[in-house]
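Excluded from the calculations below are hydrogen atoms, water molecules and symmetry mates; all remaining heavy atoms, backbone and side chain alike, are included.
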Amino acid sequence: MPSSADVQAWGELMNNDRLVTHQDGYNKGKYVLYWMQQAQRVAYNAALTQAIRLANDANLPLVVLFILSDQVPDANERHYYFMMQGLYETAKQVNELGADFCFSCGDPVERVTQYASHALAVVADSGYLHYQRQWRTELGRRLALLGCAYWEWETEPLIPVTLASNKEEYSAATLRRKLLKLLPAVSLTDTVPACRIAQLSNEHFANGVYRVGTESFTSLWKWVSSQARFDATVSPITTVYGGVSEARKLLAEFIQHKLDVYDAQRSNPAVDMASGLSPYLHFGQISAMEIVQQAMQHYRAGIEELCLWLGDRKDLQPHPANLASFTEELIVRRELSFNFCHYNAQYDSFSCLPDWAKRTLQEHERDKREEQYSLDRMEQCATNDIYWNAAQREMMASGRMHNYMRMYWGKRVIAWCQAPEEAYRILLYLNNKYELDGRDPNAFAGVAWCFGKHDRPWQTREIYGMVRYMNASGLTRKFDMAAYLSRIQPPKGL
């Protein structure tokens with residue numbers, strides 16, 4: 001284990017490395033502006049905390065601005081509805097801190113630049129996808145011309161991406177070693193200061209914005225719908241509600257009823273032992289830090305113990321094994337996806353794969369396919385694979401899919417498309433369209449994994465070459481798949 005001096009030094013380095021971008025300005029602003037985009041929450045939000053401190057130090061009010069853009073790639077009404085449910089709750093919490101939360105619609109760079117003309121500084125959270133990074137790069141350029149200071153803080157990983165590694169990692173194993181060295185320095189406590197200066201209410205934010213007061217969510221959604229044009233081909237999910245309160249409710253239920261059997265049952269599609277938190281993590285409605293802190297508290301474990309269990313998961317007792325399995329997904333695998341999208345500019349295409357995977361798949365491109373289905377037939381859940389159909393149906397109806405079935409679902413499409421590049425495009429399309437947690441680093445890394453990313457070569461077989469293979473007989477051998485089918489589509493009359 002590292003020494004206490006090492007831990008303290010790494011902690012200071014970690015806080016500094018959360019600051020991704022900083023440029024000075026000379027504006028004599030009337031407020032500090034926080035452009036909220038990725039971290040749509042109050043708790044465990046370094047960008048919001050720093051924005052409040054900056055405003056307090058300058059004796060200025062804080063304005064939190066969320067720009068609703070209908071140009072986000074692959075986003076549809078299902079995604080926007082869930083997101084706005086969470087933001088409705090966040091807006092009320094921000095107002096309780098003494099800041100002013102405003103919604104606006106349009107191009108984020110244009111809108112933030114407009115409101116920054118009267119700001120002392122702009123604070124932003126960080127993002128990993130192409131469009132998020134392009135927004136922030138262009139915003140920084142425009143704010144420099146305005147003479148407005150700009151700060152960008154990393155909010156989503158436990159370890160800042162560039163501090164964890166200075167290159168794209170080959171696998172979870174290579175990144176895990178680096179994360180475990182730095183994890184002891186992570187602080188899982190969080191204190192959000194209140195704003196000293198009263199909320200701003202003047203002409204600079206009088207027009208073109210919406211403030212949540214006593215209005216219902218329905219009123220907010222009506223305003224949003226009048227301002228933006230969404231792809232309405234995928235309906236919102238009525239059985240899942242967005243927001244930190246719902247996320248914390250799911251977390252409490254998971255810890256009480258599922259975590260104690262997570263290691264043994266997490267891969268079993270017949271019994272849903274997932275936390276259900278991935279959509280809330282996707283929209284930044286809850287932080288992985290808060291989730292880790294609650295899971296560790298359940299087992300009265302410290303960060304040093306967690307690191308030991310994550311480092312060697314063999315022969316662990318049930319409680320350590322459960323915590324290690326859960327945090328392996330939440331920390332190591334999730335932060336591997338951040339590393340992937342940060343360092344690999346082709347994360348959203350077949351080109352992102354390691355050379356061995358591309359080569360072996362292309363060498364077997366002429367192999368006879370098991371079946372061949374059009375995208376339309378897949379979307380109709382009309383293949384000859386009843387388990388694949390059930391997984392697709394689950395995703396279309398509920399916005400989620402059991403994690404083990406998502407791997408199976410992805411692997412099977414490779415066997416149905418003549419070209420692996422076509423299979424890759426289809427999986428991204430379906431995943432991004434229907435999943436509430438699609439269109440983020442985890443989603444892109446998950447699709448890439450089906451084609452060999454972050455994995456190793458296996459024994460050569462037809463179609464797949466050396467890429468890991470999954471089939472229906474493997475499902476039925478390991479799990480009660482009749483129970484899975486019943487869970488996804490119960491018999492009529494029940």
### Task
Determine whether the aromatic ring centres of Tyr424 and Phe451 lie less than 6.0 Å apart.
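Yes, they do, as the ring centres are separated by less than 6.0 Å.
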### Task
Give a yes or no on whether the ring-centroid distance for Phe283 and Phe82 is below 6.0 angstrom.
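So the answer is yes for these two rings.
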Look at atom [atom1] of [X] and say whether more than 12 heavy atoms of other residues, nucleotides or ligands are closer to it than 6.0 Å.
X      : atom1 : answer
Lys92  : NZ    : yes
Glu462 : CD    : no
Asp315 : CG    : no

### Task
Look at Glu290 together with Arg248 and state whether they make a salt bridge at an N to O cut-off of under 4.0 Å.
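Counted as a salt bridge, because a side-chain N and a carboxylate O are separated by less than 4.0 Å.
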### Asp125/Arg136 salt bridge by N-O under 4.0 Å criterion
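Yes, charged N to carboxylate O under 4.0 Å.
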Using the ring-ring contact (aromatic ring centres under 6.0 Å, His included) criterion, which residues pair with [X]? Sequence neighbours excluded.
X      : result
Tyr241 : none
Tyr469 : Tyr464
Tyr81  : Phe217, Trp221

### Message
For Glu138 and Arg141: C-alpha separation, side-chain torsions, deciding distance, then whether salt bridge (Lys or Arg N to Asp or Glu O under 4.0 Å) applies.
### Response
CA-CA 5 Å; Glu138 177 60 17; Arg141 187 188 69 81; 2.7 Å; yes
### Listed once per pair and sorted, the salt bridge (charged side-chain N to carboxylate O under 4.0 Å, His left out) pairs that draw on residues 450-461, sequence neighbours left out
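Sorted result for residues 450-461: Glu168-Lys453, Asp455-Arg468.
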Without placing hydrogens or testing angles, list every side-chain donor-acceptor pair under 3.5 Å for residues 326-340, not counting sequence neighbours.
residue: Thr327; atom: OG1; partner: Leu323; partner atom: O; Å: 2.7
residue: Thr327; atom: OG1; partner: Ala324; partner atom: O; Å: 3.4
residue: Glu328; atom: OE1; partner: Arg176; partner atom: NE; Å: 3.1
residue: Glu328; atom: OE2; partner: Arg176; partner atom: NH2; Å: 2.8
residue: Glu328; atom: OE2; partner: Arg333; partner atom: NE; Å: 3.4
residue: Arg334; atom: NH1; partner: Glu156; partner atom: O; Å: 3.3
residue: Glu335; atom: OE1; partner: Ile159; partner atom: N; Å: 3.3
residue: Glu335; atom: OE2; partner: Leu158; partner atom: N; Å: 2.5
residue: Ser337; atom: OG; partner: Arg334; partner atom: O; Å: 2.5
residue: Ser337; atom: OG; partner: Asn442; partner atom: N; Å: 3.4
residue: Ser337; atom: OG; partner: Asn442; partner atom: OD1; Å: 3.3
residue: Asn339; atom: OD1; partner: Glu169; partner atom: N; Å: 2.9
residue: Asn339; atom: ND2; partner: Lys167; partner atom: O; Å: 2.9

### Query
What pairs with Glu110 under side-chain hydrogen bond (donor to acceptor under 3.5 Å, both in side chains), at least two apart in sequence or on another chain?
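Once residues adjacent in sequence are excluded, the partners of Glu110 under the side-chain hydrogen bond (donor to acceptor under 3.5 Å, both in side chains) criterion are Arg142.
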### Query
Could you state the interatomic distance from CG (Leu180) to SG (Cys307), rounded to the nearest 0.5 Å?
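The SG atom of Cys307 is 5.5 Å from CG of Leu180, to the nearest 0.5 Å.
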